[in-house]
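Just below is one structure, and these are the notes that go with it.
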Amino acid sequence: METFQSLLAKKLSDGLAAAGLPDAGELTPATDARFGDYQTNAALVLGKQRGENSRDVAKKIVEHLGVDDLCEPPAIAGPGFINFTLRPGVVAEKTASLLANERLGIAKTESPRRIVIDFGSPNVAKPMHVGHIRSTVLGDALARIAKFLGHDVIRDNHIGDWGTQFGMVIYGWKNLLDQSALQQNPLAEIVRIYKETNALAISDAQVRESCRQELVKLQAGDKENIDIWNECVAFSMQDFEHVYELLDIHYDIQCGESFYNDRLPGVVERLLKSGIAEISEGAVVVFFRDIPELADKPCIIRKRDGGFNYATTDVATVDYRLDHLKADSVWYVVGAPQILHFKQIFEIAGRQWGYKADLRHITFGSILGEDRKLMKTRSGENVPLRELLEEACRRARKIIEEKNPDLSEAEKIDVAQKIGIGAVKYADLSQYRMTDYVFSWEKMLSLQGNTAPYLQNAYVRIRSIFRKAGESAPKIDELTLGSSAEITLAKRLCQFAEIVPQVLNDFRLNILANYLFEVANSFHAFYEACPVLKSEEPARSSRLALCDLTGRVLHRGLDLLGIKVPEKM
RNA sequence: GUGCCUGUAGCUCAACUGGAUAGAGCUUCUGACUUCGGAUCAGAAGGUUGGGGGUUCGAAUCCCUCCAGGCACGCCA
């Protein structure tokens, strides 16, 4: 289904051709309601290119434009903008057609790709903490949107289940383990022995050496150490699963670092053989002499002592994803500190695979505490994600008790989870991913402003109308949009199909969040101005249909963000 | 030292990638309720877009240069 934007863009293109002008500029939603619904700067761009007066060019374009079936006569404004205002009848027609459209007008992509999305990636022997929220929540939402648009998505959890920290964990396991504590809270005990060993190792060279030995034995396949490692991984996975359950986030595959272990020697060999890597100071290194920004930043893929490092694993991972999973695209939702690392890895992959694949590092900012520093507990520790999510549900529950004590116990539990988890996710998704943001319970759980509960509440009100009416959405194929509030809302709903694909341009979830906020806003304005159940036909059915469509857009939009909606709250 | 990211209203954030008079929310102030869930709506106030140059019809956005904060820069991940 075509959107107004794509229809107008086509008509503009035709108009330019008819006027003997090349394609230029763009057709975008109007920056301000005063200017109508859509605008184009084509005349400004062409005027500049050809050294002509832009308003004259605009006049010429408008003369050749055939948009009467969609718009009022286009207006030329300012330095030469051409503004388009949709005719109400056209909006009504379009909106009515969305009612019968399962996908709410959102077209599937014309070029579906297989996309591996690497997100979350917690470390074994460490609890998931607040720092994992952004990667996990962003990655999940991107996966949902890409899938809905028709891409073939593989969600991969690249768990940190291998590496030098295991030397310490195994040393701690053998020397410091408290069995009863392990029974009670396995992960906490593993974290404890890891931390204690770490502290010991700092001051004691003997311990350091022992840890190194344990690591060597593990990597050599020593049975006892492998068993310990397996147990640690299993315990950690249990903790992860609990968090994923709470978040309702699930993976297609979970190929952790250890998955690639036996591929590492082959990776290095191949890179050496092809001349991409070379030996330098005893290590195997890839240089990027022809790329100025990387010229003095080589990447080590095998250490002087013969050991492999995380760069080796990441090269093996790209290989696997491109060669075995047949990915056209790989999206890494990983924090900004690893920018340089991924530049190197992508370049290595490009040299090896001919730069065919689209590899993206999707970075994001940090979550800060109220003190504007990295969010930590009072004692300076990372905030465990599980506790944070549970607190979110607790706080949501408290608000529900105040506002709607009559809900049943089962409903309260369900609603508290949807609101609490939704609030945490939305706080993250509703802002530009690159900026740091301040974590605030009050703000994210507020029922006012751009928050999940506000959006959920708009949905709940719509459900309430239908409960009260005791009927479902009417099946009608014509809408009567009498008031400006109705027209504004309808136009807004038509934009859903324009917004969703746009999110993937630069992985900006916040534009979808902002859009949904505007929908809720327009709905509330409509709700104030237009009685639904008390109005006369045909307005009544038309308004009910508008409510239904709004509810579906909110439901679907929040679903694409990974946020659930309750029926009551 | 070099490179990358960030800097927008008192606070939290937008601005569709160069468009028109930089927009929301919170807070504050003023209005609207025997309400389909007021958990709302309408309005007001609030700005030298970190500073200074430059590019052009037009800059928060691009270039240069400072300032502030963060991150990264051969054998950690």
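Each chain gets a letter, A, B and so on, in the order its sequence line appears, and its residues count up from 1. No hydrogens, no waters, no symmetry mates; every other heavy atom, side chains included, goes into these values.
- Regarding A:D506, its CG atom lies at a distance of 11 Å from the P atom of B:U17, rounded to whole Å.
- The same atom, C1', is picked in B:C64 and in B:A59; the two are 15 Å apart, to the nearest Å.
- Straight-line distance from the CG atom of A:L447 to the P atom of B:C41: 12 Å, rounded to whole Å.
- In this entry B:U61 has no Watson-Crick or G-U wobble partner, no candidate having both defining distances under 3.5 Å.
- Side-chain atoms of A:N83 come within donor-acceptor range of the base of B:A20, with a qualifying N/O pair under 3.5 Å.
- For the residue pair A:E486/A:S483, the side-chain donor-acceptor check at 3.5 Å is satisfied.
- Across the protein-nucleic acid pair, A:Q39 atom CD and B:A20 atom C1' stand 8 Å apart, rounded to whole Å.
- Nearest nucleotide to the A:K468 side chain, out of B:C41, B:C16, B:C36: B:C36.
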For nucleotides 58-60 of chain B, give me every protein contact, N/O to N/O, under 3.5 Å, one pair per line with atom names.
residue, atom, partner, partner atom, Å
B:G58, O6, A:K48, NZ, 3.1

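- Between A:Y527 and A:F523, the ring planes are tilted. Angles from 30° to 60° get that label.
- Using a 4.0 Å heavy-atom cutoff across all strands shown, A:N521 reaches sugar-phosphate atoms only and no base atom.
- Classification of the A:H361-A:F342 ring pair by plane angle, with boundaries at 30° and 60°, yields tilted.
- Comparing the same atom, P, in B:U8 and in B:G69 gives a spacing of 15 Å after rounding to whole Å.
- Look at the C1' atom in both B:C11 and B:C76: the space between them is 39 Å, to the nearest Å.
- Nucleotides B:A60 and B:G51 are separated by 11 Å at their P atoms, to the nearest Å.
- When both distances must be under 3.5 Å, the Watson-Crick or G-U wobble mate of B:A22 does not exist.
- Comparing the C1' positions of B:C67 and B:U30 gives a spacing of 41 Å, expressed to the nearest Å.
- Here the separation of B:G43 from B:A72, taken at their P atoms, is 47 Å to the nearest Å.
- Between A:K412 and A:E401 there is a salt bridge, with a side-chain nitrogen of the basic residue lying less than 4.0 Å from a carboxylate oxygen of the acidic one.
- A distance cut-off of 5.5 Å between ring centres, combined with a plane angle under 30°, leaves A:F81 outside any stacking arrangement with the base of B:G19.
- With 3.5 Å as the limit, one finds a donor-acceptor pair spanning the side chains of A:R492 and A:S522.
- When the P atom is compared between B:G46 and B:U56, the two are found 35 Å apart, to the nearest whole Å.
- The distance from atom CG of A:L516 to atom P of B:A24 is 18 Å, rounded to the nearest whole Å.
- Along RNA chain B, the nucleotide closest to A:S446 and the one closest to A:I465 are compared, and the more 5′ of them pairs with A:S446.
- Put simply, A:H524 has no side-chain N or O that comes within less than 4.0 Å of OP1 or OP2 on B:U40.
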I need a per-nucleotide contact map over nucleotides 71-77 of chain B, read 5' to 3'. Cutoff is protein heavy atoms under 4.0 Å; write B for the base, S for backbone only, - otherwise.
SSSBBSB
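- In this structure, A:Y454 reaches the sugar-phosphate backbone alone: every heavy-atom distance under 4.0 Å involves primed, P, OP1 or OP2 atoms, never a base.
- A salt bridge does not link A:K297 with A:E347: every distance from a Lys NZ or Arg NE/NH1/NH2 to an Asp or Glu carboxylate oxygen is 4.0 Å or more.
- Counting only N and O atoms by type, the side chains of A:Y260 and A:D314 include no donor and acceptor under 3.5 Å apart.
- Distances shown here put a side-chain N or O of A:Q448 below 4.0 Å from the OP1 or OP2 atom of B:U40.
- When only modelled atom types and interatomic distance are considered, A:N309 and A:K303 share no side-chain donor-acceptor pair under 3.5 Å.
- Here A:D56 does not pair with A:R50 in a salt bridge; the nearest charged N to carboxylate O distance is not below 4.0 Å.
- Using cut-offs of 30° and 60° on the angle between ring planes, the pair A:F439 and A:W441 is perpendicular.
- For the residue pair A:N450 and A:S430, no side-chain donor N or O sits within less than 3.5 Å of a side-chain acceptor on the partner.
- Contact of the A:R433 side chain with the A:I362 side chain is registered, since non-hydrogen atoms from C-beta on lie closer than 4.5 Å.
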Polar atoms only, N or O, under 3.5 Å: list the protein pairs with nucleotides 10-15 of chain B and their distances.
residue, atom, partner, partner atom, Å
B:U12, OP1, A:R372, NH1, 2.8
B:C13, OP1, A:D436, O, 3.2
B:C13, OP1, A:V438, N, 3.0
B:C13, O5', A:Q431, OE1, 3.1
B:A14, OP1, A:Y432, N, 2.2
B:A14, OP1, A:Y432, O, 3.4
B:A14, OP1, A:T435, OG1, 3.3
B:A14, O3', A:N510, ND2, 3.4
B:A14, O2', A:N514, ND2, 3.1
B:A15, OP1, A:R508, NH2, 2.9
B:A15, OP2, A:R508, NH2, 3.3

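- As a whole-Å value, the separation of A:L445 CG from B:C26 C1' is 15 Å.
- When the P atom of B:C16 is taken as reference, atom CG of A:N505 falls 12 Å away, rounded to whole Å.
- The partner of B:G69 is B:C5, by the rule that a Watson-Crick or G-U pair needs both atom distances under 3.5 Å.
- Between the CD atom of A:Q5 and the C1' atom of B:C16 there is a distance of 8 Å, rounded to whole Å.
- Remark: P of B:G19 and CG of A:L44 are 11 Å apart, rounded to the nearest angstrom.
- Judged purely by distance below 3.5 Å, without hydrogens or angles, the side chains of A:E498 and A:Q502 never pair a donor atom with an acceptor atom.
- Under the stacking criterion of a centre-to-centre distance below 5.5 angstrom and an interplanar angle below 30°, A:F35 sits stacked against the six-membered ring of B:A20.
- A syn base is found at B:U17: its glycosidic angle is within 90° of 0.
- For the P atoms, the distance linking B:G74 with B:A68 amounts to 25 Å, nearest Å.
- Relative ring orientation between A:Y320 and A:F259 is described as perpendicular, the plane-to-plane angle rising above 60° on a 0-90° scale split at 30° and 60°.
- If you check every strand for non-hydrogen atoms under 4.0 Å, A:I499 touches nothing.
- Of the two residues near RNA chain B, A:S54 and A:E26, the one whose nearest nucleotide lies more 5' is A:E26.
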